[in-house]
Amino acid sequence: RLRRACCSPSLVLPEKAGLPSSRLEAFGEILEELRAGGHRSLVFSQFTDLLDLVQTRLQAAAIPFRRLDGSLSAPARAREVAAFQAGEGEVFLLSLRAGGTGLNLTAADDVFHLDPWWNPAVEDQASDRAHRLGRTRPVTIHRLVAAGTLEERVLDLHAAKRALVADLLKEGPPPKGLDRG
C-alpha cells in the first residue's frame with residue numbers, strides 16, 4: 001500500500017479519486033517535452049490500475065497510445081507490439097510483468113519506470129526492450145521516485161543487490177558472509 005500511495009493517492013483511497021498525483025503530473029510534464037521533440041515512449045508499471053490512470057490522462061489529452069498487459073492474448077499482444085513498432089501511438093503502456101521474452105520495442109526513445117520494482121534485473125530487462133542490436137539513437141531511462149519514501153529504500157536495495165552480484169561475479173575468494181558450504 002505504501003508503494004502504491006507513492007504513485008497516486010487514488011490507488012489506496014479510491015473514494016478520493018480526484019486527489020492530485022505529483023507523480024502523474026511530473027510524468028505528464030516530461031512526456032509533453034519529449035513529444036514536442038518527436039520522441040516516443042515506453043511506460044512501465046507493475047500496477048495496472050496506475051496504467052489505467054495514465055491511460056485516462058492520455059485519452060483526455062488526445063495522445064495516441066498502445067497498451068500491453070496480462071489481459072491480452074498472445075495474438076493481441078503481437079498486434080499491439082507490431083502497431084507500436086510501425087509508428088501507431090506515441091506512448092506504449094506496459095505492465096512490467098507482461099513483457100515476456102523476445103519483446104523488441106526499438107521504436108521508443110524514452111523508457112519510463114513509474115514505480116520501482118523489488119528486483120532491479122526486472123527493471124533492467126524492461127528497459128532493454130528499447131536497447132536492441134542495430135539501434136542507432138540513444139535511449140533515455142526515466143525513473144520516477146518519491147523522495148523520502150519507501151521507494152528510496154527500494155532503490156537502496158537495488159544498489160545492494162547489484163553490488164552483491166558484482167562481488168559474486170568477480171574473480172577471487174567468495175564475498176564476506178558467503179561460503180561454499
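- When all heavy atoms of W117 and H158 are compared, the closest pair comes out as O-NE2, 2.5 Å.
- Taking every heavy atom of both residues into account, L58 and V91 meet most closely at CD1-CG1, 3.9 Å.
- Judged by distance alone, the side chain of S10 and the main-chain N or O of L13 form no donor-acceptor pair under 3.5 Å.
- Atom CZ of F84 and atom CG of L42 lie 5.0 Å apart (nearest 0.5 Å).
- E90 places no side-chain N or O within 3.5 Å of a backbone atom of R40 that could act as its donor or acceptor partner.
- Once rounded to the nearest 0.5 Å, the distance linking CG of L144 with OG of S21 reads 9.5 Å.
- Heavy-atom minimum distance, E152 versus A146: CG-O, 3.9 Å.
- When every heavy atom of E32 is checked against every heavy atom of I63, the shortest pair comes out as OE2-CD1, 3.5 Å.
- To the nearest 0.5 Å, atom CG of residue D128 and atom CG of residue L103 are 11.5 Å apart.
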task: Begin with the C-alpha distance, continue with both residues' side-chain angles, and end with the deciding distance and a verdict on side-chain contact (heavy atoms from CB on, under 4.5 Å) for L53 and T56.
output: CA-CA 5 Å; L53 296 175; T56 299; 5.7 Å; no
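- When the shell of 6.0 Å around CZ of R153 is examined, it contains 12 or fewer heavy atoms from other residues, nucleotides or ligands.
- One side chain, D115 or Q46, offers a donor N or O that lies under 3.5 Å from an acceptor on the other.
- The CG atom of D110 sits 11.0 Å away from atom OG of S127, with the distance rounded to the nearest 0.5 Å.
- When side chains are defined from C-beta on, R129 does not count as touching N104, because their heavy atoms never get closer than 4.5 Å.
- Within the model, atoms OG of S8 and CG of L19 stand 8.0 Å from one another, a figure rounded to the nearest 0.5 Å.
- Of all heavy-atom pairs between L51 and V43, the closest is CD2-O, 4.0 Å.
- Side-chain contact check for T140 and H39: no donor-acceptor pair (N or O, by modelled atom type) lies under 3.5 Å.
- A donor-acceptor contact under 3.5 angstrom links the side chains of D69 and S71, judged on distance only.
- Judged by the 6.0 Å distance and 45° axis criteria, R67 is not positioned over the aromatic ring of F92.
- Taken to the nearest 0.5 Å, the CD atom of E80 stands 7.0 Å off from the CG atom of L68.
- Side chain of K161 to backbone of W118: a donor-acceptor contact under 3.5 angstrom is found.
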task: With salt bridge (charged side-chain N to carboxylate O under 4.0 Å, His left out) as the test, would you mind laying out the steps for E151 and R23 before giving the verdict?
output: CA-CA 12 Å; E151 289 185 330; R23 171 140 332 158; 2.5 Å; yes
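- The pair D124-R143 meets the salt-bridge criterion, with a side-chain N (NZ, NE, NH1 or NH2) lying under 4.0 Å from an Asp/Glu carboxylate O.
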query: Stepwise, does the side-chain contact (heavy atoms from CB on, under 4.5 Å) test hold for S41 with L31?
result: CA-CA 8 Å; S41 300; L31 184 65; 3.8 Å; yes
query: salt bridge (charged side-chain N to carboxylate O under 4.0 Å, His left out) between E88 and R79: does it pass, once the steps are laid out?
result: CA-CA 11 Å; E88 296 178 30; R79 282 192 301 274; over 6 Å; no
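- For the pair R4 and F47, the cation-pi criterion (under 6.0 Å, within 45° of the ring axis) is fulfilled.
- Annotation for R1: atom CZ does not count as buried by contact number, only 12 or fewer foreign heavy atoms lying within 6.0 Å.
- In the displayed structure, E15 atom CD is contacted under 6.0 Å by more than 12 heavy atoms of other residues, nucleotides or ligands.
- Between V139 and A108, the closest heavy-atom pair is CG2-O, 4.3 Å.
- Using a 4.5 Å cut-off on side-chain heavy atoms (C-beta onward), L114 and F44 make no contact.
- You'll find the side chain of L34 reaches within 4.5 Å of the side chain of H142, heavy atoms only.
- Residues H113 and I141 are in side-chain contact: their nearest non-hydrogen atoms beyond the backbone lie under 4.5 Å apart.
- Transitive grouping of hydrophobic side chains (ILVMFWY, heavy atoms separated by less than 4.5 Å) keeps F27 and V145 in distinct clusters.
- Criterion: ILVMFWY side-chain heavy atoms under 4.5 Å apart, direct or through other members. Under it, L50 and L93 are part of a common hydrophobic cluster.
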